[in-house]
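Before any comments, here is the structure.
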Amino acid sequence: MTSDVRVRFAPSPTGYFHVGGARTALYNWLFARHHGGQFVLRIEDTDRTRYVPDALPDLLDGLRWLGLFWDEGPEVGGDHGPYFQSDRLDLYLQYAQQLVDEGKAYRCYCSPERLDAMRDAQRAEGLSGYDRHCRYLTAAQVADYEAQGIRPVIRLAVPTEGETAFDDLFRGHIVVNNAELDDLVLLKSDGYPTYHLANVIDDHLMEISHILRGDEWLSTVPKHVLLYQAFGWQVPIQAHLPTILDPSGKGKLSKRKKKLADGRDMLTYVHEFKQAGYLPEAMVNFLALVGWSYDGETEFFSRPELIKRFELERVSKSPAAFSYDKLDHMNATYIRGLGANDLSGRLLPVLAESGAAADIDTTLALVPLVRERLRTLHDVVPLTDFVFGEAPSYDADLLLQKGMDRAATLGALRAAREALASAGRFDEATIEERLRGVPEALGLKLGAFLGVVRVAISGRKVSPPLFGTLAVMGREKVLARLAEAERLLEGAA
Ligand code: GLU
């Protein structure tokens, strides 16, 4: 199916890829896929002062991680390129010149000093914006400035009367008085376009049908509408997405780090979610619901279902809070839904990165033991590091369980070691049977006895299910840990 829907995601490489940007990219992508249209990626890199070299690879990695592949743009090309604005400077120059030639824009030679003084004067009178000094220069004055070698900017000659109106799919009909609009700069004196000029020209030349972006850009639309009108171009359909709020619902989800109620950092960059062990499919499902719903109830959608159901009519008009709890819940659910091979394949690199000498067979064997306990992939590390690493170091007192002294604990360790050393097989069922047979003869409670074994092998009071974990670790390692615990306890006397 082909359609006329062409949407774009147009980030500026001025910082890392933020989840708010990811939500915008996702909605554009879903909208394009739903309609069989095209999703264009355009890099708005004309602000050289704010350029961050790492930002582009971070963005492309993040989009790929989320599976938001673009039909046209960097690396893939397309019929409407180039897709980096810095490679399109000649175009902007040419179109700005066209507007000057048609009397719809003009060169402004005002020095920074004059602009400062003007602003002060304007402020004193309660006015703002450029006073249009250069809009009405005579030919002789222009020639004079040119003779002085002053490099002008180009400004749009905004109508001083009348109104500019447009419709936004979510915000409705918006009207502004032209008198409130400034003669905005289109081209800077260094020949670089402003955001406004480049954005409008590119959306037109790239035949963008719908502009879906964050509502912080809403205030730029009247200026853009005037530019479209000046060029005689059709304005793309406008759809400004609701603001994303932090979990409290009070402030915007900003780039500044805040803490969650449980003390964790509020993650905001896409790579941070990846690093922390969120699954891309959970992230996509979650982000889709930050400002959109299908029926107000259903929470879980596969990617094909999202594509099928995603309609702009169901995008909310009010700001949407970003709930980390909901994301965690969703991620845990997605993790539980993964097949064992799939999950172990995702856990292995996380374990390896943590420094654990993990191998795929052991990781696969651990999957049934840890799957229910993972909120993120990363949670596997503290749960299982003792399985792979050396014997953990812990305080001998940790071995002592309620109602047990040193002697009883030593007896328990010895008995556990003997029971496991003489077990015929070392699988979960045999281990369970052997260990359950021990405590009664020693006059110990089962829970306390197993508590001793747990600390001896893991150095912790909490671990994944014990019998299965012991089986995965193997007899040799388990016996060594039990013997090590005995030595630790004897030494602590
Ligand atoms: N370059 C702008 C940004 O950084 C694009 C805004 C738009 O989509 O028009 O988000």
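All residue numbers in this chain count up from 1 along the given sequence. Nothing here was measured: the structure is a model prediction, and the numbers come from that model. As the structure lists them, so they are numbered: ligands from 1, and atoms in each ligand from 1.
Not one N or O on the side chain of H35 forms a donor-acceptor pair closer than 3.5 Å with the backbone of G37.
For atom 1 (N) of ligand 1, the closest heavy atom belonging to the protein is E44 OE1, 2.6 Å. Looking at atom 4 (O) of ligand 1, its nearest protein heavy atom turns out to be S12 OG, 3.1 Å. Among protein heavy atoms, the minimum distance from atom 8 (O) of ligand 1 is reached at R8 NH1, 2.7 Å. Shortest contact from atom 9 (O) of ligand 1 to any protein heavy atom: R213 NH1, 2.6 Å. In this structure, the protein non-hydrogen atom closest to atom 5 (C) of ligand 1 is A10 O, 3.1 Å. In terms of protein heavy atoms, atom 3 (C) of ligand 1 is closest to W217 CZ2, 3.4 Å.
Under 3.5 Å, the side chains of D58 and H271 contain a donor-acceptor pair of N or O atoms.
The pair R8-E44 fails the salt-bridge criterion, with no side-chain N (NZ, NE, NH1 or NH2) lying under 4.0 Å from an Asp/Glu carboxylate O. Using a cut-off of 4.0 Å between Lys/Arg side-chain N and Asp/Glu carboxylate O, K317 and D215 are scored as not salt-bridged. Under the 4.0 Å criterion applied to side-chain N and carboxylate O atoms, D295 and R314 are not assigned as salt-bridge partners.
Below 3.5 Å of separation, one finds no N or O of P11 facing any N or O of ligand 1.
Contacts of N199 with ligand 1, taken as heavy-atom pairs under 4.0 Å, involve the side chain alone.
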Do R375 and Y278 pass the side-chain contact (heavy atoms from CB on, under 4.5 Å) test, and can you show the C-alpha distance, the side-chain angles, and the key distance before you say yes or no?
CA-CA 8 Å; R375 198 174 41 180; Y278 290 92; 5.9 Å; no
